[in-house]
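These numbers were taken from a predicted model, which means no experiment stands behind them. Because only heavy atoms are used, hydrogens play no part in the values below, and waters and symmetry mates are left out as well, while side chains stay in.
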Amino acid sequence: MHALVTGAAGFLGRAIVQQLCARGARVRGLVRRDDPTLKAWGVECVVGDIRDRQAVLAACQGIDTVFHTAAVAGIWGPWRHFYETNVLGTQHVLEACLKAGVRRLIFTSSPSVTFAGRDQCGVDESAPYPRHWLAHYPHTKALAEQLVLKANCPPTLLTCALRPHLIWGPGDPHLIPRLLERARRGRLWQVGDGKNRIDAVYRDNAAAAHLAAADALTPTSPACGRAYFISNGEPVLCWSWIGEILHRAGMPPVRRQIGLWPAYWMAAACEGIWTCLRRPGEPPMTRFLAAQLGTSHYFDIRAACRDLGYRPLISMEEGMRRLQPWLEAQARSGK
């Protein structure tokens with residue numbers, strides 16, 4: 001395999017690169033700046049932005065498989081910020097794949113593309129896209145996912161999309177640091193009654209799912225043109241899991257609580273204030289965040305197991321054990 005990983009320096013992208021290198025694949029990474037660690041692994045780094053059509057085309061030359069992980073994530077920000085990277089950037093990747101003769105494209109999507117603010121209990125890939133969106137991130141990821149799936153054209157270009165849910169593990173730059181920072185500032189409130197269950201996926205499992213998808217993509221595979229939920233397959237109580245992370249980081253438990261709907265309407269008011277007054281940064285609560293924290297969202301991953309041969313090898317318990325030293329280091333550094 002001669003693979004390109006967009007967003008190769010990111011949390012998931014780096015794990016995909018590691019696993020590709022371990023298999024002896026030739027790896028090229030599209031990165032926004034030089035990365036000495038990737039180069040030390042023997043990765044060819046191409047510096048460029050996913051929004052630059054020519055940079056993406058150059059990165060795809062001579063490649064047979066693309067793992068497109070580069071994206072803008074977040075719960076707040078202007079539409080253009082998300083659209084240019086998540087949608088236009090994906091269009092550039094598709095155009096480059098077709099021009100450069102790339103055979104396989106694995107797109108990193110998100111389960112939030114089906115989230116409408118209500119409980120999702122064991123749903124499978126038949127879950128529809130919502131008619132109304134609570135944030136620009138899931139909206140733009142859904143648009144990009146649809147572009148990728150429609151572009152599937154055996155045998156010229158084989159595509160599929162993976163929807164890993166709450167990727168976590170040592171080195172996480174997003175999920176866990178945000179939890180710890182909110183807890184330190186006294187801004188972490190339990191939303192709802194604490195009985196909501198969620199899925200998550202350990203980073204190495206999410207990366208392995210991408211490699212499994214690449215292996216499975218053949219012209220006759222049922223994976224062609226399809227999206228798949230990816231998780232550890234072990235739903236946990238959301239607030240018990242958060243409590244364990246805080247405990248392992250040496251921090252006190254969450255003591256304050258607010259109902260889901262009061263949190264939702266408070267978040268709507270915050271969004272209105274931030275929008276009208278054009279306040280910098282993000283509001284303390286958004287409707288998307290309130291709904292994510294207060295509802296259940298876990299998924300049926302049997303299709304990924306059946307069609308891709310995906311198997312989550314690192315359990316939630318083992319993942320937490322591996323997370324412990326990193327959490328302790330984060331606590332010592334105050335990050």
With a 6.0 Å cut-off (strictly less than), is the heavy-atom count around [atom1] of [X], excluding the residue itself, greater than 12?
| X | atom1 | answer |
| --- | --- | --- |
| R53 | CZ | no |
| R118 | CZ | no |
| R32 | CZ | no |
| H247 | NE2 | no |

Give a yes or no answer on whether the side chain of [X] reaches the backbone of [Y] with a donor-acceptor pair at less than 3.5 Å.
| X | Y | value |
| --- | --- | --- |
| T159 | V148 | yes |
| R28 | A59 | yes |
| Q257 | G192 | yes |
| Q91 | V87 | no |
| Q146 | A142 | yes |
| R203 | F11 | yes |
| R184 | L179 | no |
| R311 | C305 | yes |
| D172 | H174 | yes |
| Q190 | V254 | no |

Quick one: salt bridge (charged side-chain N to carboxylate O under 4.0 Å, His left out) pairs with a partner in residues 107-117, sequence neighbours left out?
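Salt bridge (charged side-chain N to carboxylate O under 4.0 Å, His left out) check on residues 107-117 returns no pairs.
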Please collect all salt bridge (charged side-chain N to carboxylate O under 4.0 Å, His left out) contacts where either partner lies in residues 140-160, sequence neighbours excluded, each pair once.
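Sorted result for residues 140-160: E145-R163.
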Just checking, is any N or O donor in the side chain of [X] or [Y] under 3.5 Å from an acceptor N or O on the other one?
| X | Y | result |
| --- | --- | --- |
| T114 | Q120 | yes |
| D199 | N232 | no |
| E328 | Q324 | yes |
| S296 | N196 | no |

Run the salt-bridge test on R302 and D124 with the 4.0 Å N-O cut-off and return the result as yes or no.
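Salt bridge absent between R302 and D124.
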Carboxylate-amine/guanidinium proximity below 4.0 Å for R322 and E318:
yes
May I ask you to decide if the ring planes of H136 and W79 are parallel, tilted or perpendicular, using 30° and 60° as cut-offs?
perpendicular
Give me the ring orientation class for Y264 and W261: parallel if the planes are under 30° apart, tilted from 30 to 60°, perpendicular past 60°.
perpendicular
How would you list all residue pairs meeting ring pair (Phe, Tyr, Trp, His ring centres under 6.0 Å) that involve residues 181-219, not counting sequence neighbours?
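Non-adjacent pairs meeting ring pair (Phe, Tyr, Trp, His ring centres under 6.0 Å): W168-Y202.
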Which pairs pass ring pair (Phe, Tyr, Trp, His ring centres under 6.0 Å) with one or both residues in residues 14-70, sequence neighbours excluded?
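The answer is H68-F107.
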If you link I, L, V, M, F, W and Y whenever their side-chain heavy atoms are under 4.5 Å apart, who else ends up in the same group as F82?
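Listed partners: V72, Y137.
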I want to check something: taking the side chain as every heavy atom from C-beta on, are D204 and Q19 in contact at a cut-off of under 4.5 Å?
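Result yes, sub-4.5 Å side-chain heavy-atom pair found.
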Side chain to side chain contact (heavy atoms under 4.5 Å, CB included) partner of M285, chosen from I258, V191, I75
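The passing option is V191.
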Between I198 and the options W239, W241, Y298, the side chain to side chain contact (heavy atoms under 4.5 Å, CB included) test singles out W241
Distance (rounded to the nearest 0.5 Å) between L162 CG and S110 OG:
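Answer for the CG-OG pair, L162 versus S110, is 12.0 Å.
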Under the salt bridge (Lys or Arg N to Asp or Glu O under 4.0 Å) criterion, do E244 and R248 qualify, and how do the steps go?
CA-CA 6 Å; E244 183 178 358; R248 287 175 177 266; 3.0 Å; yes
Contacts table for residues 220-230: side-chain donor-acceptor under 3.5 angstrom, sequence neighbours left out:
residue	atom	partner	partner atom	Å
S221	OG	A216	O	3.0
S221	OG	A223	N	3.0
R226	NH1	D307	OD2	3.1
Y228	OH	D307	OD2	2.7

Could you walk me through whether R104 and D64 satisfy the salt bridge (Lys or Arg N to Asp or Glu O under 4.0 Å) test, starting with their C-alpha distance in whole Å, then the side-chain angles of each, then the deciding distance to 0.1 Å, before giving a yes or no?
CA-CA 6 Å; R104 298 176 293 189; D64 56 66; 3.7 Å; yes
For R51 and D49, run salt bridge (Lys or Arg N to Asp or Glu O under 4.0 Å): C-alpha distance rounded to whole Å, both residues' side-chain angles, the deciding distance at 0.1 Å, then the answer.
CA-CA 5 Å; R51 296 170 297 179; D49 195 297; 2.9 Å; yes
Quick one: do R197 and D119 satisfy salt bridge (Lys or Arg N to Asp or Glu O under 4.0 Å)? Show the steps, please.
CA-CA 9 Å; R197 303 182 73 84; D119 287 332; over 6 Å; no
